[in-house]
**Q** 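Would you mind keeping the following structure in view while I ask a few things?
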There are 2 protein chains.
Amino acid sequence: MGKQITEMLKGTLEGIVLAILSVQPAYGYEITQRLREQGFTDIAEGTVYALLVRIERNGLVEVEKVPSEKGPPRKVYSLNVPGREYLEEFWTTWGFLAERLGQLKEEGK
Amino acid sequence: MGKQITEMLKGTLEGIVLAILSVQPAYGYEITQRLREQGFTDIAEGTVYALLVRIERNGLVEVEKVPSEKGPPRKVYSLNVPGREYLEEFWTTWGFLAERLGQLKEEGK
DNA sequence: TCAACTACTCTGTGTTACTAGCTACTAGTA
DNA sequence: TACTAGTAGCTAGTAACACAGAGTAGTTGA
């Protein structure tokens, strides 16, 4: 897969992470793990942390420091109201794109 | 929609254009028009031309100059064998992503 | 003490779509 | 003639984003 998925993730990875957070709050390391479980095996850790910084700066999440039994304290992220609205928009945009692509794929047969 | 679709198009727009070309050869201006018809109203013309240069450089298309009745000659692009293989890969990658996202969307309800 | 794991941070790089122009050719109109 | 609109292609500069790769910090167990 490689390069293609990298480019496709631009713009969608943000929505994916927000969607994960909409189910329940989580911290960076945990999100990375969950992504890997879901098949996104080659997403770099650094990428997730950078993304979290970005969505925090954009005011889409609340952050809480929680001490960990192992390692340094966790930064637990949870979606706030603007975050949920943004996620809604994301699903709308994604729906549009998925529909177009689905149609194009049919035509190509 | 705006910013979200812009980022989402990164990586997918290339596939979209290749998919259009897989149905039948076309030139830049025509591709832009077709994209607009399909609802991608805010894709800039310049974007399409830049993309065409890129896929030509990457050897995914053949190019033929065809005189036009109106305006300067058209550069008609058609998919070649590597292009078709690349498009196949694109659909695989897209399928993977669409499946993941579909699942995430379900979970979020 | 040192390896292994957890958790987070940072810098630089490459790719990509966008903005905002430009050139060039033709046909129709004032 | 001079202009406008439509067709067709091209370019330079910019912003956003995922990645590679490295580093920091804390805990546990050999």
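First the proteins, then the strands, lettered A, B, ... as listed; each starts at 1.
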**Q** Do any of residues 21-32 of chain B sit with a heavy atom less than 4.0 Å from DNA chain C, and if so which?
**A**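 Per residue number, the list is empty: none.
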**Q** In whole angstrom, what separates A/Lys10's NZ from D/dC17's P?
**A**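 The distance from NZ of A/Lys10 to P of D/dC17 comes to 10 Å, rounded to the nearest Å.
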**Q** Using OP1 and OP2 only, check whether a side-chain N or O of A/Thr47 sits under 4.0 Å from D/dC19.
**A**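 Yes.
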**Q** Just the rounded figure in Å: distance from P of C/dC18 to CZ of B/Phe40.
**A**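 Atom CZ in B/Phe40 sits about 11 Å away from atom P in C/dC18.
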**Q** Return the value, rounded to whole Å, for the distance between atom CD of B/Gln33 and atom P of D/dT7.
**A**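 In whole Å, D/dT7 P lies 6 Å from B/Gln33 CD.
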**Q** Does B/Arg100 reach the main-chain N or O of A/Gln38 with its side chain, forming a donor-acceptor pair under 3.5 Å?
**A**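 Flag set: sc B/Arg100 to bb A/Gln38 pair under 3.5 Å.
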**Q** Check the distance between D/dC19's P and A/Asp42's CG and give it to me in whole angstrom.
**A**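 Rounded to whole Å, this separation is 7 Å.
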**Q** Should B/Val23 and A/Leu101 be regarded as members of a common hydrophobic cluster, given that ILVMFWY residues are connected when their side-chain heavy atoms come within less than 4.5 Å of each other, either directly or indirectly?
**A**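 No: no chain of side-chain contacts under 4.5 Å links B/Val23 to A/Leu101.
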**Q** Just the rounded figure in Å: distance from P of C/dA17 to CE of A/Met8.
**A**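 Spelled out: CE on A/Met8 to P on C/dA17 is 11 Å.
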**Q** For residues 53-62 of chain B, which residues have at least one heavy atom under 4.0 Å from DNA chain C?
**A**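 Heavy-atom contacts with DNA chain C come from B/Arg54.
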**Q** Rounding to a whole Å, what distance do you find between B/Glu45:CD and D/dG6:P?
**A**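 The distance from CD of B/Glu45 to P of D/dG6 comes to 13 Å, rounded to the nearest Å.
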**Q** Before accepting this row, confirm whether a basic side-chain N of the pair A/Arg54/A/Glu14 lies closer than 4.0 Å to the acidic partner's carboxylate O.
**A**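 The answer is yes: the pair qualifies as a salt bridge.
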**Q** Report yes if a side-chain nitrogen or oxygen of B/Ser68 is closer than 4.0 Å to either non-bridging phosphate oxygen (OP1 or OP2) of D/dA8; otherwise report no.
**A**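 For B/Ser68, the contact criterion (side-chain N or O under 4.0 Å from OP1 or OP2 of D/dA8) is met.
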**Q** Kindly point out which of C/dC18, D/dA18, C/dC25 is positioned nearest to the side chain of B/Ile43?
**A**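 Within the option list, the nearest is C/dC18.
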**Q** Could you give the NZ-to-P distance, from B/Lys75 to C/dA24, as a whole number of Å?
**A**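 The distance from NZ of B/Lys75 to P of C/dA24 comes to 16 Å, rounded to the nearest Å.
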